[in-house]
Each structure stands twice: as C-alpha cells, then as structure tokens.
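I have placed the structure first, in the form of structure tokens, so that the comments after it can refer back to it.
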Amino acid sequence: MSDACLIAEVAVAAPLKKTLSYLVPPELAVAARIGVRLRVPLGRRRAVGFLLELSRGSGEGLKAIAEVLDDEPLFPPALIPLFRRAAGYYLHPLGQVIATALPAGLSGRGSAPPILRETLYAPTEDESEPPGRRQRQILDCIRQAKEVSLTELRSRFDAPHAPLKRLLELGLISARQQERLRDPFLSWPLQPETPPEPAPAQLRVLEQLRPLLEQGGFRSALLHGVTGSGKTEVYLRAIETVLERGRQALVLVPEIALTPQLVGRFRNRFTGRAKISVLHSGLSDGERYDAWRNVARGEADIVIGARSAIFAPMPEPGLIIVDEEHETSYKQSEGFRYNARDLALLRGQQQGVPVLLGSATPALPSYRRALDGEALLLHLPGRAAGQPLPEVELIDMTATPFRTLLSDPLAGALEANLQRGEQSLVLLNRRGFAPYLLCADCGQDFRCPNCEISLTYHRGRLLLRCHYCDYQLPPPESCPRCGGSQLDPEGAGTERLELELKERFPEARLARMDRDTTTARGAHRRFMERMLAGEIDILVGTQMIAKGHDFPGVTLVGVVNADATLNFPDFRAGERTFALLSQVAGRAGRGTLPGRVLIQTYAPEHYALQHAASHDYAGFYRQELALRRELGYPPYGFLANLVLSGNDPQRVERAARELAGRLLPLPPGAELLGPVPCLLAKLRGKARMQILLKAAQRPALRRALDRFEQLSRPVPNGVALAVDVDPVDMF
DNA sequence: AGCACGCCGACT
DNA sequence: GTCGGCGTGCTC
Ligand SMILES: [Zn+2]
Ligand SMILES: [Zn+2]
C-alpha cells in the first residue's frame, strides 16, 4: 500500500449518493485546500465539486482534479459535519447541499464585482425656492440631508429624474459621482444610541440566559414574548456577552423582516465596536460573494441573514439566534428542503454553541421541546413599555348578508378612527382584485393551463394571473364559451378591498401594501416612512403588514377574513391562523392606548380564534398540542412527503403506485398514506402525486426513509422525485 | 442528473 | 433488416 499520492474526497454538485475520490496532481497540491471548489472529470463530463477531506494513498484507478476554482476556502472544515448531517437528514445529495448552502452565483470564477458609480446631490448656496411642488419636495429632502444619493432619492420619490434635472439647471443643487456603497443596508443613517435600561422582565430573562452564554456549549432556549415585548433588546445584550468572549454571533431573521431598519438597530448598538455583515438576497452575486468571504475570514463579528445564512462560515460562533422561529420561510421549499431553524439547533449541537429561538407564537415542535425540558423556556410577559394588550373582538359574519366585505362594526370602527385622525390596518390575506372571474351567463371560469387553478383577476394591471406560475393573460372582452359579455369578479382580494374602502371613506388616505405594490426597490421603506409621517390613514394589505413591519401609530386593526387561513386543508391551519392573528393584533396600540382589533369570521367559535382573541397563548398551545397528539401530527408525529412529478400524468400516477408498493411493508411504527394527487395536482405544467410517510417516533420515520433510500431507482425516467422531510406545507 | 449500454416493437 | 423506445447501471 503506497502513500505516494495526495487524495481528495470530493462532493460533486450532482445527485450522487456518495462522495468521490480524486487524485490531487502535484502542481495543485498547494491550492487544493479543504473548502475550495474544484472542477473534476465525471464520466465524460466535467462537474464542479467541493473538497471535503485530504488523505494519502496509492491513487490507483482515480482520476485527477482538473482545476482548483478558489484561492481561499469558501467554508471552514467545521461546517462539513453539518453539511453531511443535513444531507443525510433531508435525503439530499451532499454536493447539492453544499451548492445550496454557498452564496448563489458561484458557478463562474470568483471575480470581484464591478465597481458601481453613483450620483450624489447636494444643495448649493442658492436658497431660493423652485416652482414645482415635486421639485420643492425633492429639494427639501436634499437640503435636509446635506447630501443624498440617487438610489436614496429613487427610494423616496417616484421618477425623480426630471425634477432633479430641473433643479440642476436652476443651480439649486449640485451633483457629483462617487463609488457606490456596496451594500444598501449600510446606507441607512446611523444613530449611535445609549442602550436603554433593560426592563425587569428582560433582566430576568438575561439572567437565565447568562450561564448558556458564558459557559458556551450547546444549549437551546425558547424566548416567548409578544410583539413589542423587547425580544430584540434581549438579543442585543446576549450578543454583547458573546462578543466579549471573542466569539461571533449569527442572527437569522425571516427574509421579510431583513430590512435596513432591523439591521440599523444592530448597527446603532454596536457601531465602532463590532463588525456586522448582512447576507441578503438584495446583494449582487459579487457582493454576496465578498460578504461571504469576509465572514469566512473572521472579519465579521455579527452576521445577520435570512434562511441560507445558517451556513454562514464564521470561524468561531458563540451564539445562534433564530428570530420569529415559527416562520415557515425558514423552510426551503425546493431542492434541498432544509429548515434553517432546525439546522440552527443541529449546528449548535455540532459546534457546541447555544441557540436562542425567539417568537411571539412559537412553532409547536419548539414549544414541545421547551415543555419537555430540552430547551429553556423564557417568557417576556406583556409589552415592554407596559402597554396594555389590544382588545380583540370577533365579528360573527354569519349574521351579515352574504358577500359583505366590511361588517358594520368594522366599518364603524374605521370611521371612528378616521374621525380621531388615528391610523388603521386592514388585513386581507389575498392579493389581486378577485380570486375568480366568472361569466354571468354560463358560469365559465378562467384557469391556468399549467396549474389548473383559478386565475386571479388583477384590476390594476388588467390581467388574469396565476399565483403559482408566471402565466398571465389580459381578461377577454367576452366569455370564450358562450360569448356572454358580462364577466364578474367573484370573491375579494386586497385591490377590491381598497376600492371598497375608497368608496366608503372617500376622504381617507388609503394605501395598499402587498407583493404587487412592493416589488420596487425601497418600496417597503417608502410605505414605512409614509405611515410614520402620518400620510396614510388606512393601510390595506396581505400578511405582509402583519409581519416584519412595525407601524407604531396604529390603533385599529381589522382582519377581513380570518377563515381564509383557517380553512386551509392542512393540519397547521389552526396554528397559522393563531400566529397570524396574534401578530397582526400586536400591531395595534400606541403609547398607552391599547388599540383595538376586529376579526371578521364565519367560525367565531373556533378555538384558534377564541384563544387569539383572549391572548391566551398557553390555552391555545394546550389545546393544539392535545389535538396533534390525538391525530399523530407534529410534534407528536413525524412526517416526510415524497412528491413525484412529471409531464405525463399517467406515468407519474403509475410511478407513485409502484413506489408505494415497493416501500411496503414499512418498518414497524411507520405508516404510508397515499399515493394521492397533490393539492396542486398540476403545477407549472407537471402532474404531481404524493406519498406521505408518518411515524409516531422520529427513529421509525428514519427507518422508513432508510428503506426508501435503499431502493435502487425509486422512480423511472421522466418522473422526478422530491423528498420533503418535516414538510411545512403539503402542496 | 446525465450518459452509456442493451434489449424488444414497428417502420423505411 | 435497423431506429428508437426506455429499463438499468455508473459516475472516483
Ligand atoms: Zn359564458
Ligand atoms: Zn400556473
């Protein structure tokens, strides 16, 4: 046995079950370090792989690495066990796990992003006023800020170009070019702060956390506190402790909450003392790569990011925080279907790092872990400022005429709030004008040819759009079936709600916030600023207004249709509804005013609504846990969903039947449900079937999955198979 | 996943 | 007789 050759263990970014060994040619021996990307021969192709391990051996029968693609490692060796465990847990090929974990855009060579230039505007000595209103607004903004970037102006004003040109011509402002700030998150103005004195409840929680933070080692804690209870202050102080020990902190927040304001709170607290890196989707590929390498070099003390930041390559993390840990956006819904919250716990375990989960409405598995003593349960009762909780009322819609969008009590409350000059939020968890467009004569509807579900009518853009793929078409003039000329929108989305409010309260200043109005860069912030400035009386929106945005002036919250989430055919419907209502309720109240929440529903007796209305968290969890236990659902049961898809529905169907047949009989303790068509039986043109594996204990599910993994070719050609372990939805 | 190999039906 | 369907195996 010769040890003459250097051998590399490589995870190839292809769906292979095992890693492969390659010869490291002498000329690449220095460059081939653990954690770099490689180009390797694979069959008669070439593929990208990740170097996981180096060893010595004879090298017999091995092919040689063709190229080393990075001059420094993209991840530390300490992350490799996490990748391996994650690949095993989620039944996903290791190479693809790593490819998903690393920042996007690494397919090419690691090159520096182009330097971007940016125009900055400053006021001149000329203090006269320009003629136009828009010109004055923009000039005021520039005069106030002394110097403002074009990006900034674009985010505050629509189409600022023409007024700016005019102002330049008038000599009221000057312009200069500068290298653009790489990261939009860093352009939020800094306001260094003196940390507030923690409230007694916060001190108590911090005291309980102290041993975890100071001793290090894996422990987990669940911080349960309503919106405004001061969880962030606890995070900031916990991070402080960790930084003092020379370790780094990793903070995960849901994508929707990863805003400049949030990052600003961290920057304000730690400015000059700690370096903060933000990993977010708004960065260009080059910028993200830069940020990533900074973290890998240990140049970031605090890393803030959404889901994929769980893989941030910090050398010595001392704390992992997962804020709003119940959020389903932590679960990746395609490809490598990991849950960042669960991987946070796994990473903490592997690297001996405490993990702090925070939520106003913890996910049931997290709550159970805390009740079972696996995680330390910490409470922040009430709101930090001693504000009372809002008064929540359920409005029984069965008593109102069919199709009523706004009940009298809600309309009245909105009216009264308008009179008082106070702000209101109205939530309707459905965008567009109406979910259906129907022919008045023959009842014909319009469906997506790719997904076979109803197209949503968008009145603003005058389109029928599929919310599951990118299909859209302009609404026809007449019915394609009977030629009838009357096509009626049926049901209501945020656009229709906005219209109805406009008709009812013509004097009110309305705005609508949903995915259709927030795609532009800086749009979230613009809504935020308009709300803060009191320029909006009623803000209409989807769950977006309940999550990630704190509108401090709101005293009334209306929920148009609480049943929309409640009637979802998913065992988590109750939990989701409770969480959404609790969160949106948390938006009501200002100063010492408690705020009011009105929830319209056809099922006012439902326990999720009842508990949400009485702020009875313990009661809800008690009841929901009992229900889950009875039905064998998480956290008292464990699920994995096998989703088969393909162009030919019959093939998919047959493949699903055959797969189920080959899986049976399952090991004891596990059961197989299905195969059945997925809820979306067709999606993006592909037919879909699912097989659900269920077990009362995790090991039994694991054995069932082992059995599945041993199948040589689970599905035939032309059928794709995705495995979803711990699914959060069953589409 | 790709891309080979290999074995049977129905087409120039 | 072959062209091509697709089930099966392999990738260091
Ligand atoms: Zn018709
Ligand atoms: Zn579609």
Side-chain angles (χ1 to χ4, degrees), chain A residues 1-29 31-69 80 83-84 86-88 90-102 104 106-107 332 334-338 642-663 684-688 708-724:
Chain A
M1 192 65 184
S2 157
D3 280 359
C5 297
L6 191 58
I7 315 265
E9 185 194 5
V10 178
V12 181
L16 303 179
K17 280 195 176 160
K18 303 203 302 182
T19 56
L20 304 178
S21 297
Y22 288 89
L23 214 62
V24 182
E27 68 273 18
L28 294 181
R33 294 203 276 154
I34 289 174
V36 295
R37 284 174 306 149
L38 307 166
R39 193 173 302 285
V40 293
L42 183 70
R44 49 193 59 218
R45 300 170 290 150
R46 285 189 157 199
V48 172
F50 305 96
L51 206 169
L52 302 184
E53 204 76 66
L54 288 166
S55 60
R56 297 211 146 259
S58 72
E60 224 176 304
L62 301 186
K63 292 190 190 173
I65 292 167
E67 198 183 346
V68 175
L69 296 174
I80 294 173
F83 293 145
R84 290 192 203 266
Y90 290 106
L91 285 82
H92 205 71
L94 182 55
Q96 292 183 323
V97 164
I98 299 175
T100 312
L102 298 181
L106 286 186
S107 41
Q332 172 124 10
E334 287 172 359
F336 170 33
R337 303 184 177 217
Y338 66 99
L642 309 178
V643 181
L644 296 86
S645 62
N647 291 324
D648 179 351
Q650 275 152 33
R651 265 181 95 80
V652 174
E653 220 250 47
R654 183 160 52 96
R657 264 203 327 268
E658 283 170 6
L659 176 56
R662 286 164 71 199
L663 284 169
R684 294 170 206 276
K686 307 249 188 232
R688 288 149 43 87
F708 161 78
E709 266 193 310
Q710 278 159 16
L711 298 179
S712 63
R713 187 177 288 261
V715 290
N717 281 340
V719 178
L721 175 60
V723 186
D724 194 349

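Basis for what follows: all heavy atoms, side chains included, without hydrogens, waters or symmetry-related copies. Per chain, numbering begins at 1; letters A, B, ... match sequence-line order.
Following rounding to the nearest Å, F336(A) (CZ) and dA1(B) (P) show an atom-to-atom distance of 17 Å. L42(A) has its CG atom 5 Å from the C1' atom of dT11(C), to the nearest Å. Atom C1' of nucleotide dA1(B) and atom CG of L94(A) are separated by 16 Å, given to the nearest angstrom. Note: CG (L91(A)) to P (dA1(B)) measures 14 Å, nearest angstrom.
When the ring-ring contact (aromatic ring centres under 6.0 Å, His included) test is applied to Y22(A), no partner is found at least two apart in sequence or on another chain. Applying the side-chain hydrogen bond (donor to acceptor under 3.5 Å, both in side chains) test to E709(A) and every residue at least two apart in sequence or in another chain returns R702(A). Residues satisfying the side-chain hydrogen bond (donor to acceptor under 3.5 Å, both in side chains) criterion with E9(A), sequence neighbours excluded, are T19(A), R84(A). A search for side-chain hydrogen bond (donor to acceptor under 3.5 Å, both in side chains) contacts involving N647(A) returns K686(A), not counting sequence neighbours. Every residue was checked against the side-chain hydrogen bond (donor to acceptor under 3.5 Å, both in side chains) condition with T100(A), not counting sequence neighbours, and none meets it. Applying the salt bridge (Lys or Arg N to Asp or Glu O under 4.0 Å) criterion to R337(A), with sequence neighbours excluded, gives D724(A). In this view, F83(A) and F75(A), F311(A) satisfy the ring-ring contact (aromatic ring centres under 6.0 Å, His included) rule, not counting sequence neighbours. Scored by the salt bridge (Lys or Arg N to Asp or Glu O under 4.0 Å) test, R33(A) finds no partners at all (sequence neighbours excluded).
Nucleic acid contact class of R44(A) (heavy atoms, under 4.0 Å, all strands): sugar-phosphate only. Across all strands shown, P93(A) has no heavy atoms under 4.0 Å from either base or sugar-phosphate atoms.
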Identify all pairs in which a protein N or O lies below 3.5 Å from an N or O of nucleotides 6-10 of chain B, and state each distance.
none

Identify the pairs formed between an N or O of the protein and an N or O of nucleotides 5-10 of chain C at a distance under 3.5 Å, and give each distance.
| unit_1 | atom_1 | unit_2 | atom_2 | d |
| --- | --- | --- | --- | --- |
| dG9(C) | N7 | R713(A) | NH2 | 2.2 |
| dG9(C) | O6 | R713(A) | NH2 | 2.9 |

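DNA chain C lies under 4.0 Å from at least one heavy atom of each of the following residues of residues 9-26 of chain A: L16(A), L20(A), S21(A), Y22(A).
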Return all side-chain donor-acceptor pairs below 3.5 angstrom for residues 41-51 of chain A, not counting sequence neighbours, or 'none' if the list is empty.
none

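Annotation: the span from S58(A) atom OG to D3(A) atom CG amounts to 8.5 Å, rounded to 0.5 Å.
Looking at heavy atoms from C-beta onward, L642(A) lies in side-chain contact with L659(A) at the 4.5 angstrom threshold.
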